[in-house]
Amino acid sequence: MYTKICRTLARACMWLGIFGLVAVICAVSWQVFGRYVLNNTPTWAESLALLLVLYVTMFGVAVGVRDAGHIGLESMLVLAPDWLRLKMEYLIHVLVMLFGVAMAYNCALLANSVWSYRLPTLWISEGWRYVPATIAGVLIVMFCIEHIIALAKGEEVEPAWG
């Protein structure tokens, strides 16, 4: 059940990432069109593109953790005996999970501290810049827990698209 929830969340993040990339392309295209064709640069387009890049990146990072696409020392683990390899895999997932906790907590604090400020070109809260990292931190924690459960069962986590 937990794996199905995590897989659904990872797929949703991937779809949001795809839509976010399309939106980035549209915003940048509109900015270029406005600048060079209309001779009137839309000021909101660059700010929106930068904000969308944060969302796409953070959701992609979370999915990368779930699908074990993050940087690891697997070449070293292959050479290690099974008892050590298993302990190191647990350690890796616990450390990545602690990073996710720290990221979620600190980015939530940052979002809260700047929520009353506005992005002048988008007229939304400055805190929206920190929301994707907060969400990604929570997702990283969830996905690490999924990996730890799978290790305890002797299974592997299937990728979101598989």
Side-chain angles (χ1 to χ4, degrees), residues 1-31 42-74 77 87-153 155-162:
M1 179 67 172
Y2 187 70
T3 298
K4 287 183 181 181
I5 292 169
C6 289
R7 185 175 182 168
T8 302
L9 286 171
R11 282 186 175 181
C13 286
M14 291 176 82
W15 279 109
L16 286 171
I18 291 167
F19 291 129
L21 282 175
V22 170
V24 168
I25 291 168
C26 291
V28 171
S29 297
W30 183 252
Q31 182 180 13
T43 57
W44 57 267
E46 183 178 359
S47 296
L48 179 62
L50 289 172
L51 186 65
L52 288 170
V53 165
L54 289 173
Y55 279 84
V56 169
T57 303
M58 288 297 112
F59 290 151
V61 164
V63 173
V65 167
R66 184 182 185 274
D67 291 349
H70 57 86
I71 298 172
L73 299 175
E74 281 113 16
L77 291 178
K87 288 182 180 183
M88 291 302 291
E89 286 184 20
Y90 277 117
L91 178 64
I92 289 167
H93 291 299
V94 167
L95 290 174
V96 172
M97 183 171 58
L98 289 174
F99 173 79
V101 168
M103 187 168 85
Y105 176 75
N106 288 304
C107 288
L109 287 178
L110 280 169
N112 187 43
S113 70
V114 297
W115 201 262
S116 61
Y117 303 121
R118 299 278 172 239
L119 293 170
T121 56
L122 295 176
W123 292 99
I124 61 172
S125 171
E126 181 85 29
W128 286 107
R129 289 184 178 183
Y130 302 102
V131 169
T134 304
I135 295 169
V138 171
L139 290 171
I140 287 170
V141 170
M142 291 178 65
F143 297 156
C144 286
I145 290 169
E146 179 186 17
H147 277 281
I148 291 170
I149 292 169
L151 277 175
K153 291 181 177 180
E155 300 172 355
E156 287 193 23
V157 174
E158 291 183 28
W161 299 108

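We number each residue from 1, following the sequence as shown.
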Give the minimum heavy-atom separation between [X] and [Y], together with the two atoms involved.
| X | Y | answer |
| --- | --- | --- |
| Val157 | Ala150 | CG2-CB, 3.8 Å |
| Ile140 | Gly100 | CG2-CA, 3.9 Å |
| Ala133 | Cys107 | CB-SG, 3.4 Å |
| Leu21 | Val56 | N-CG2, 3.7 Å |
| Trp115 | Val131 | CZ3-CG2, 4.0 Å |
| Val24 | Ala49 | CG2-O, 4.0 Å |

Within this structure, what is the [atom1]-[atom2] distance for the pair [X] and [Y], rounded to the nearest 0.5 Å?
| X | Y | atom1 | atom2 | answer |
| --- | --- | --- | --- | --- |
| Met58 | Leu139 | CE | CG | 11.5 Å |
| Leu151 | Lys87 | CG | NZ | 13.5 Å |
| Ile135 | Met103 | CD1 | CE | 10.5 Å |
| Ile149 | His93 | CD1 | NE2 | 12.0 Å |
| Ser47 | Leu119 | OG | CG | 6.5 Å |
| Phe143 | Thr3 | CZ | OG1 | 11.0 Å |

Going by heavy atoms in the side chains, are [X] and [Y] under 4.5 Å from each other?
| X | Y | result |
| --- | --- | --- |
| Cys13 | Val63 | yes |
| Trp30 | Trp44 | yes |
| Tyr55 | Leu16 | no |

Original post:
Counting only heavy atoms not in Tyr90, do more than 12 sit closer than 6.0 Å to its OH atom?
Top reply: yes
Original post:
Just wondering, more than 12 heavy atoms not from Glu46 lying within 6.0 Å of its CD?
Top reply: no
Subject >> side chain to side chain contact (heavy atoms under 4.5 Å, CB included) partner of Met97, chosen from Val141, Val65, Ile92 >> reply: Val141
**OP:** For residues 128-152, pull every pair meeting side chain to side chain donor-acceptor pair (under 3.5 Å), keeping only residues two or more places apart or in separate chains.
**Re:** Arg66-Glu146, Glu126-Arg129
